[in-house]
Amino acid sequence: MAFETIIVKIDDHIALIKLNRHDALNALKQKMLAELCTALEEADSNDKVRCIILTGSEKTFAVGADIKEMSELSYADVASANLFGDPVDRISNIRKPVIAAVAGYALGGGCELAMACDFIIAAESAKFGQPEINLGIVAGMGGTQRLTYAVGKAKSMDMNLTGRFMTAEEAERSGLVSRVVPSKKLMEEAHSAAQKIAEKSLLAARTVKEAVNRSFETTLSEGLLFERRVFHAMFATEDQKEGMAAFLEKREAQFRNRWRRGYFRLCKTVIFEY
Ligand code: DAK
């Protein structure tokens with residue numbers, strides 16, 4: 001599908017989605033978010049894709065929701081349209097791993113978009129912030145929630161209340177990003193991480209994502225039980241047999257992302273109806 005505000009390239013099992021409103025510092029118009037959701041969903045259902053990278057330009061990831069587009073809206077407008085509610089839900093429902101490669105500003109909805117990905121690789125130039133308070137509003141797409149999980153109450157309160165930005169170095173130290181790389185190497189590093197993921201079993205990668213995300217939603221004992229059940233379920237995949245055989249035979253595994261015949265129904269019963 002052709003997009004106006006983003007660019008999508010699929011190569012070597014990796015879908016690269018680039019936010020492409022550079023003149024507006026990738027301010028997130030509603031159309032852009034809608035296109036982004038469509039692209040993510042298409043990549044999610046494309047059998048050739050095993051990992052997704054979301055990025056902006058070399059100078060800016062995204063400076064948040066488009067203030068020009070929002071400034072005249074009333075409470076009735078945003079509430080009845082459930083402004084940004086649909087994209088938030090759709091992005092959260094993507095099952096394949098998504099890496100955010102962030103250079104420059106990731107502010108407001110831009111920071112929240114990066115946090116909605118599975119992990120963030122940051123260029124040294126990256127700056128993260130939830131400056132909505134400067135506009136007389138509060139974060140609406142995870143800035144008070146995901147940021148608090150990532151960096152803890154003290155830093156989340158600081159950023160959400162003062163609107164200050166965090167450097168890439170502070171973001172890594174605080175647990176918001178997984179690694180910081182020289183700006184020129186950002187895309188190379190993101191591709192190399194995506195390539196590593198793409199070589200694994202997609203069934204296992206999707207299960208990792210589901211299990212880690214479950215930890216935010218449940219108690220430790222329920223989370224551990226869920227993890228154990230999905231661990232058991234991995235033994236119903238061809239990939240488990242191949243991965244272990246390849247290790248023992250000292251060769252590279254060739255994962256085919258397939259359930260073993262007849263096992264899927266059993267797994268569904270064991271995991272979801274126990
Ligand atoms: N929207 C629209 N235009 C923006 C923009 C934005 N968020 N940020 C920057 N721009 C535009 C500027 O207006 C300027 O346009 P021109 O004047 O050239 O036409 C151009 O980009 C360059 O900006 P500056 O001249 O300000 O450039 P500087 O280098 O001096 O500063 C900056 C760059 C990024 C630090 C600064 O522009 C800035 O602070 N921008 C605002 C960032 C911000 O406040 N972001 C938060 C937006 S609110 C929700 C979900 C999500 C959200 C809400 C609800 N629900 C689910 C309910 C999200 C809300 C937000 O993100």
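Each ligand, and each atom within it, is numbered from 1 in the order the structure gives. Atoms considered below: every heavy atom in the structure, side chains included; atoms not considered: hydrogens, waters and symmetry mates.
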How far is [atom] from its nearest protein heavy atom, and which residue and atom is that?
atom: atom 16 (P) of ligand 1; answer: K68 NZ, 4.7 Å
atom: atom 58 (C) of ligand 1; answer: A65 CB, 3.6 Å
atom: atom 5 (C) of ligand 1; answer: V63 CG2, 3.5 Å
atom: atom 22 (C) of ligand 1; answer: L25 CD1, 3.7 Å

Taking N or O atoms only and a 3.5 Å limit, does G140 qualify as a polar contact for ligand 1? yes
Polar contacts were defined as any N/O atom of the residue lying under 3.5 Å from an N/O atom of the ligand; does this apply to I67 and ligand 1? yes
I'd like to check which ligand 1 atoms, numbered from 1 as shown, lie under 4.0 Å from a non-hydrogen atom of [X].
X: G109; answer: 58 (C), 60 (C), 61 (O)
X: G64; answer: 61 (O)
X: M70; answer: 48 (S)
X: L135; answer: 44 (O), 47 (C), 48 (S)
X: A27; answer: 1 (N), 2 (C), 6 (C)
X: M141; answer: 50 (C), 51 (C)
X: L83; answer: 55 (N), 56 (C), 57 (C)
X: P131; answer: 43 (C), 44 (O), 45 (N)

Output yes when a protein non-hydrogen atom is found under 4.0 Å of [atom], and no otherwise.
atom: atom 8 (N) of ligand 1; value: yes
atom: atom 51 (C) of ligand 1; value: yes
atom: atom 28 (P) of ligand 1; value: no
atom: atom 44 (O) of ligand 1; value: yes

NZ/NE/NH1/NH2 to OD/OE distance under 4.0 Å, R206 and E210: no
Salt bridge or not between D118 and K209? Use side-chain N to carboxylate O under 4.0 Å. yes
Check step by step if side chain to side chain contact (heavy atoms under 4.5 Å, CB included) holds for L83 and Q30. CA-CA 9 Å; L83 186 72; Q30 291 185 57; 3.4 Å; yes
Hey, looking at atom 32 (C) of ligand 1, which of F165, Y105, F84 has the closest heavy atom? Y105
Using heavy atoms and a 4.0 Å limit, tell me yes or no: is [X] in contact with ligand 1?
X: L107; answer: yes
X: E69; answer: no
X: A24; answer: no

Contact summary for A190 and I99, nearest pair of heavy atoms: O-CD1, 4.0 Å
Could you tell me whether a side-chain N or O of N93 sits under 3.5 Å from a main-chain N or O of D89, the two making a donor and an acceptor? yes
Is there a side-chain contact between [X] and [Y] in this structure, where contact means two heavy atoms from C-beta onward sitting under 4.5 Å apart?
X: E170; Y: K155; value: yes
X: L33; Y: F84; value: yes
X: M157; Y: K153; value: yes

Throw together a table of side-chain donor-acceptor distances under 3.5 angstrom for residues 4-21, partners on residues two or more places apart or in other chains.
residue : atom : partner : partner atom : Å
T5      : OG1  : E35     : OE1          : 2.6
H13     : ND1  : K48     : O            : 2.7
K18     : NZ   : G56     : O            : 3.2
N20     : OD1  : H22     : NE2          : 3.3
R21     : NH1  : A27     : O            : 2.6
R21     : NH1  : D66     : OD2          : 3.3

